[in-house]
Amino acid sequence: MAKVQYHYFYVLECADGSLYTGYTVDVTKRVEVHNAGRGAKYTRAHRPVSLLAYAQFETKHEAMRAEYKFKQLSRDEKDQLLALASRSSMEEALQELIQETPDK
């Protein structure tokens with residue numbers, strides 16, 4: 001029986017308060033890599049990072065689409081979405097966003 005591999009979109013808060021988003025198949029390991037200085041160039045200069053939220057998807061395409069949609073938001077909109085996600089789930093908050101904004 002094949003192991004199901006999920007795909008994740010995640011949001012980190014950097015030491016300076018900035019946000020970083022990414023895609024991975026293992027959120028815990030990816031955050032560790034960022035904090036070890038072996039992650040993205042941006043996070044290497046803004047460590048330490050902490051995980052604010054993540055959402056699980058069945059396909060890489062869905063996870064990357066969620067990341068794209070999130071990146072199109074203003075900082076205020078991102079903060080509102082993250083606050084909503086803290087009360088429900090990131091998946092539910094993103095679902096509302098994806099349904100409200102069609103693909104460009």
Legend entry - Shortest non-hydrogen contact between Phe9 and Ala63, atoms and distance: CB-O, 3.7 Å

Legend entry - Rounded distance (nearest 0.5 Å) linking atom NE2 of His46 with atom OH of Tyr20: 12.0 Å

Inset, instruction - Answer yes or no: is there a side-chain heavy-atom contact under 4.5 Å between His7 and Thr24? - result: no

Legend entry - Side-chain heavy atoms of Leu19 within contact of Thr21, under 4.5 Å: no

Inset, instruction - May I ask you to decide if Ala85's main-chain N or O and Ser89's side chain share a donor-acceptor pair within less than 3.5 Å? - result: no

Inset, instruction - Please examine the side chains of Tyr10 and Arg30, heavy atoms only from C-beta on, and report whether any two atoms are closer than 4.5 Å. - result: yes

Legend entry - Met90 and Leu82, any side-chain heavy atoms less than 4.5 Å apart: yes

Inset, instruction - Please name the pair of heavy atoms, one in Asp16 and one in Tyr42, separated by the smallest distance, quoted to 0.1 Å. - result: OD2-OH, 4.3 Å

Legend entry - Between OG on residue Ser88 and CD on residue Gln95, distance to nearest 0.5 Å: 11.5 Å

Legend entry - Counterpart residues, salt bridge (charged side-chain N to carboxylate O under 4.0 Å, His left out), relative to Lys29 (two or more places apart): none

Inset, instruction - Could you tell me which residues satisfy salt bridge (charged side-chain N to carboxylate O under 4.0 Å, His left out) with Arg38, sequence neighbours excluded, listed by chain and number? - result: none

Legend entry - Residue that, paired with Leu81, satisfies side-chain contact (heavy atoms from CB on, under 4.5 Å) out of Asp76, Val11, Leu94: Leu94

Inset, instruction - State, yes or no, whether a side-chain contact exists between Phe57 and Met64 at a heavy-atom distance under 4.5 Å. - result: no

Legend entry - Verdict with reasoning, Tyr8 to Tyr54, per side-chain contact (heavy atoms from CB on, under 4.5 Å): CA-CA 7 Å; Tyr8 300 90; Tyr54 67 92; 3.7 Å; yes

Inset, instruction - Supply the atom-to-atom distance Leu73 CG to Asp79 CG, rounded to the nearest 0.5 angstrom. - result: 10.5 Å

Inset, instruction - Measure the spacing between CD of Gln56 and CD of Glu62 and express it to the nearest 0.5 Å. - result: 10.5 Å

Legend entry - Cluster link Val25 to Leu51, ILVMFWY, side chain under 4.5 Å: no

Inset, instruction - Please list, chain by chain and in numerical order, all residues satisfying side-chain contact (heavy atoms from CB on, under 4.5 Å) with Ala45, sequence neighbours excluded. - result: none

Inset, instruction - Might you point out which heavy atoms bring Asn35 and Arg47 nearest each other, and give the distance in Å? - result: O-NH1, 3.1 Å

Legend entry - Heavy-atom neighbours of Glu58 CD exceed 12 at 6.0 Å: no

Legend entry - Min side-chain heavy-atom separation Leu12-Leu52 under 4.5 Å: no

